[in-house]
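Beneath this line is the structure, given in structure tokens, with notes to follow.
Because only heavy atoms are used, hydrogens play no part in the values below, and waters and symmetry mates are left out as well, while side chains stay in.
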Amino acid sequence: MTLNLDELNPQQRAAVEATEGPILVIAGAGSGKTRVITTRIIHLCGKGVSPYQILAMTFTNKAAMEMRHRIGMTLERNTNDLTISTFHSFCARFLRREIGYLDRDRGFAIFDTQDQTTCLKRVIRNLGLDEKSNPVAHFRNKFSYLKNTGDLETEPEFDLDRQIFQAYRKELLAQNALDFDDLLLFTCRILTEFDECRQRYQSRFQYIMVDEYQDTNKIQARLIRLLLNDKNNLCVVGDEDQSIYGWRGAEIQNILDFEKHYPGAQTFKLEQNYRSTQRILDYANKAIAYNEQRKPKKLWTASKGGPPISIRDEYSGMSEAENIVQAIIERHEKKNIPYNEFAILFRSNFLSRSLEEMFRRYQLPYQLIGGLKFYDRKEIKDLLTYMRIVVNPKDWTSFVRAIGVPTRGIGVKSQDKLYAIYSDGYTLPEMFDHAIREKVLSGKAHKSLVEFRALYRRLAAKANEEAPEIWLESVIKELDYLSYLEKQDEATAEYRVENINELLGAMVELRSQGVETLAQFMDFSALVSDQDELEDDRPKVNMMTVHAAKGLEFDSVFVMGLEDGLFPNQRALAENSNAVEEERRLFYVAVTRARKRLYLSYARQRQTYGSTVANPKSRFLIAPGEDTDSDNQSLFTRSSRTQRKAPIGELHEQVNRMKEQLARRDVDIDFGALDKNPRLKSGDVVRHAKFGQGTVSATRGTGELTTVTVYFPGKGTKTLVAKMAKLQKVF
DNA sequence: TACGATAAACTTTTT
DNA sequence: GTTTATCGTA
């Protein structure tokens, strides 16, 4: 074993060597956090601790794999005994073993957001409620937040909410399904209620480490507390300046009050940054200093100077995208920086659209992280659905999907009849038998169901005999699924078949990593995170949300869409200063991803929803000073250079350029928007006769049709036709 | 019941 | 500008 502690700086080394009792490591961006955790584990093993006794929680499965790999390389031994995983994966594995304590079946399904939605719709329908006035997404978010922030038995306050909540939980129970939040909740429940079980795990895990502690929520903190024995050998690592998950219940207090929660805790601060240039760090430090809820901290680096930060004032979303593309090409060609060393970050997923278009036009290779996940794609979900009904014969949600792919003439009406039987407590195969025996369905539908039952029996019989990918191939054949895809949409069929091949390939590959059964594969596919899908070994430019970029770093980083209303986004602006502070932390995370070059940009107007919106530049952008350069020649195309010299010519030049583009492609651009300056702009305060004073969040369209979206405190956000609403500008 | 066409609603951020 | 909901028709 080779472990050289001399390679660490004094603070890192102290954090590694402090093995006993509660330890808090405040690790600024790029301060070698991952290195400290891995080295610490190696150091523990060197001291004779068995890997079996160590538990480390990471934020992504990928990070877990990488750490395991590094540790294995150094220790020169197998690391299977070491538990490194995400909270959710840990709980899924825990529950597959231990859920019997709650009298539940180990074959439970894990419902993702889509499944949750389907299930909740069924619940709302069952209760005879109207879907329109009871939007599913609202309840989904509400229940999720509750499960993550409440105590184990917390229920909603309002009657209707509670009624739906209870019905939802009952439905999940009937379908033997757990949603993402249940994974944590049920694990905590078992560890709380069953002393024998808790003691087993407490005596096993002697050392626990948690990464990204600033993003843990109440239930996660509780879980850690339950797993800890009286030695309290807990080491948490995090940075309150990078807390960006408040909206899903993360409690920044977990890290701020760590010393209070764990008396006698030792604290180490890692402030030396090994990632970015001094320029980038200075900029980040200045930006985050505007936040009030933080402990003062200053990152520094040994690498002085660095190129200035580029801040670009763009005319439109299009020119923003185009200039990013050109800056990448230039840096790639001149400095030989590989494409995968570039990242373009944005606040919201929809901003990727204009980028993608531009990348395709310039034929630059890129990968978009987030958005639709691989395992959420239709063709993948369709096939996995069959896997799920076989593994969990109570999964009604998946059954509904399976019966409709391909269509079999069993529609909503027949489904309702079948559901009536199912909801008496039958499993799916029992329900088939019953419905067929009693001839519940009419002619054609009945015949279809008989066929479906036969198919189900064939697939179920083979499920435990064959390797997962062989089994799935037989599903594809039985369904004649490839012809189905062809029939559905010729244009996308080829691409979808490629994805299916990738799925089969992944199943083979995962078998070597211990994913051998259909159930294990289901867990894996349910819990992949965005970052897990990142291919970092291909020369492709990365595009992702700032959230998805957490923990990553790149040579060059572009942060786009820096406009009030987008970043910080409208909701945060409408809420309170806490929300804006979280947005600012998000901005801090974004800029600290960059090693050498940082490019910030905003557009005076951009297309959203198909209409034009104009937002002022983001409040997060600090006025250009010695660290920044808003006049960086090499980055600008000729036309935008002209733009700065002669602002009056700007419009015509841009219009002509866009018209040219328009001629080349069949895209509609609203030129009307260029002629008039909307009088009101985002951030203006206006008075409305009925609603009182409010803040403008966005303006859309031009002339007669201009609409203004205004947030009125206590009354919500209203979209008004400017001309009709007679808004008075206050300031 | 399936499937097409048309209208409405929609965008934070994620496991 | 895109996805989902609803309606009418085969």
Side-chain angles (χ1 to χ4, degrees), chain A residues 57-61 85-92 110-113 116-117 121 131-132 135-137 140-141 144-145 147-148 178-184 212 215-217 219-220 244-250 345-354 357 369-373 375-376 378 403-404 406-415 441-445 448 487-488 523 525-533 544-550 561 565-575 579 582-583 585-586 589-590 606-613 667-670 698 719:
Chain A
M57 296 290 195
T58 56
F59 216 68
T60 66
N61 296 298
S85 78
T86 63
F87 274 97
H88 289 272
S89 299
F90 175 84
C91 292
I110 299 172
F111 274 9
D112 64 18
T113 311
Q116 256 180 298
T117 306
K121 271 186 186 161
E131 255 182 59
K132 268 206 181 129
V136 169
R140 214 183 46 217
N141 290 334
S144 175
Y145 190 81
K147 287 183 182 182
N148 278 298
L178 274 63
D179 64 25
F180 286 139
D181 310 316
D182 286 338
L183 293 174
L184 290 154
E212 307 283 9
D215 284 325
T216 53
N217 58 32
I219 191 116
Q220 289 167 332
I244 55 176
Y245 282 98
W247 52 275
R248 71 171 191 203
L345 309 182
F346 32 80
R347 177 64 241 264
S348 309
N349 277 310
F350 74 89
L351 285 167
S352 68
R353 203 149 287 157
S354 56
E357 219 173 281
I369 314 299
L372 191 60
K373 284 198 190 122
Y375 288 99
D376 289 341
K378 187 191 173 303
I403 200 81
T407 49
R408 293 182 168 83
I410 297 181
V412 182
K413 285 210 164 161
S414 305
Q415 283 167 25
L441 303 185
S442 55
K444 207 175 114 203
S448 279
K487 208 179 98 203
Q488 284 284 299
D523 285 0
S525 65
L527 299 174
V528 286
S529 69
D530 276 345
Q531 267 191 30
D532 295 335
E533 298 196 330
M544 65 191 92
T545 64
V546 186
H547 282 93
K550 180 163 116 154
L566 286 178
F567 197 174
N569 73 11
Q570 198 43 54
R571 291 206 185 191
L573 289 176
E575 263 176 50
E582 178 152 320
E583 296 283 305
R585 291 195 293 271
L586 201 52
V589 168
R606 65 173 74 241
Q607 304 290 122
T608 50
Y609 283 97
S611 60
T612 306
V613 243
V667 176
D668 268 322
I669 296 171
D670 177 15
T719 297

To the nearest Å, give me how far apart CZ (R353(A)) and P (dT3(C)) are.
6 Å
In Å, rounded to the nearest 0.5 Å, how long is the span from [atom1] of [X] to [atom2] of [Y]?
{"X": "H547(A)", "Y": "L586(A)", "atom1": "NE2", "atom2": "CG", "result": "4.5 Å"}
{"X": "L441(A)", "Y": "I410(A)", "atom1": "CG", "atom2": "CD1", "result": "6.0 Å"}
{"X": "N148(A)", "Y": "D181(A)", "atom1": "CG", "atom2": "CG", "result": "4.5 Å"}
{"X": "D112(A)", "Y": "D179(A)", "atom1": "CG", "atom2": "CG", "result": "10.5 Å"}
{"X": "L351(A)", "Y": "L345(A)", "atom1": "CG", "atom2": "CG", "result": "11.5 Å"}

Scan [X] against the nucleic acid and name what it touches under 4.0 Å (heavy atoms): base, sugar-phosphate only, or nothing.
{"X": "K413(A)", "value": "sugar-phosphate"}
{"X": "D112(A)", "value": "nothing"}
{"X": "S414(A)", "value": "sugar-phosphate"}
{"X": "Y245(A)", "value": "sugar-phosphate"}
{"X": "I410(A)", "value": "sugar-phosphate"}

Need two values: the first and the last nucleotide of DNA chain B, 5' to 3', having an atom under 4.0 Å from any heavy-atom of chain A.
dT1(B) to dT15(B)
The answer to which of H88(A) and E583(A) contacts DNA chain B further toward the 5' end, by nearest nucleotide, is E583(A)
Closest-nucleotide 5' rank along DNA chain B - winner of A137(A) and R248(A):
A137(A)
Kindly determine whether K550(A) and E212(A) satisfy salt bridge (charged side-chain N to carboxylate O under 4.0 Å, His left out), including the steps that lead there.
CA-CA 10 Å; K550(A) 180 163 116 154; E212(A) 307 283 9; 3.6 Å; yes
Do any N or O atoms from the side chain of Q116(A) and from the backbone of R140(A) form a donor-acceptor pair under 3.5 angstrom?
no
So, does T545(A) use its side chain to make a donor-acceptor pair with the main chain of F346(A) at under 3.5 Å?
no
What's the gap between dA5(C) and dT12(B) when it is taken at their C1' atoms, as a whole Å value?
23 Å
Show me the protein contacts with nucleotides 5-10 of chain C, counting only N or O atoms at under 3.5 Å.
{"residue": "dA5(C)", "atom": "OP1", "partner": "K121(A)", "partner atom": "NZ", "Å": "3.4"}

Over 60° means perpendicular and under 30° means parallel, so tell me whether Y245(A) and F59(A) are parallel, tilted or perpendicular.
tilted
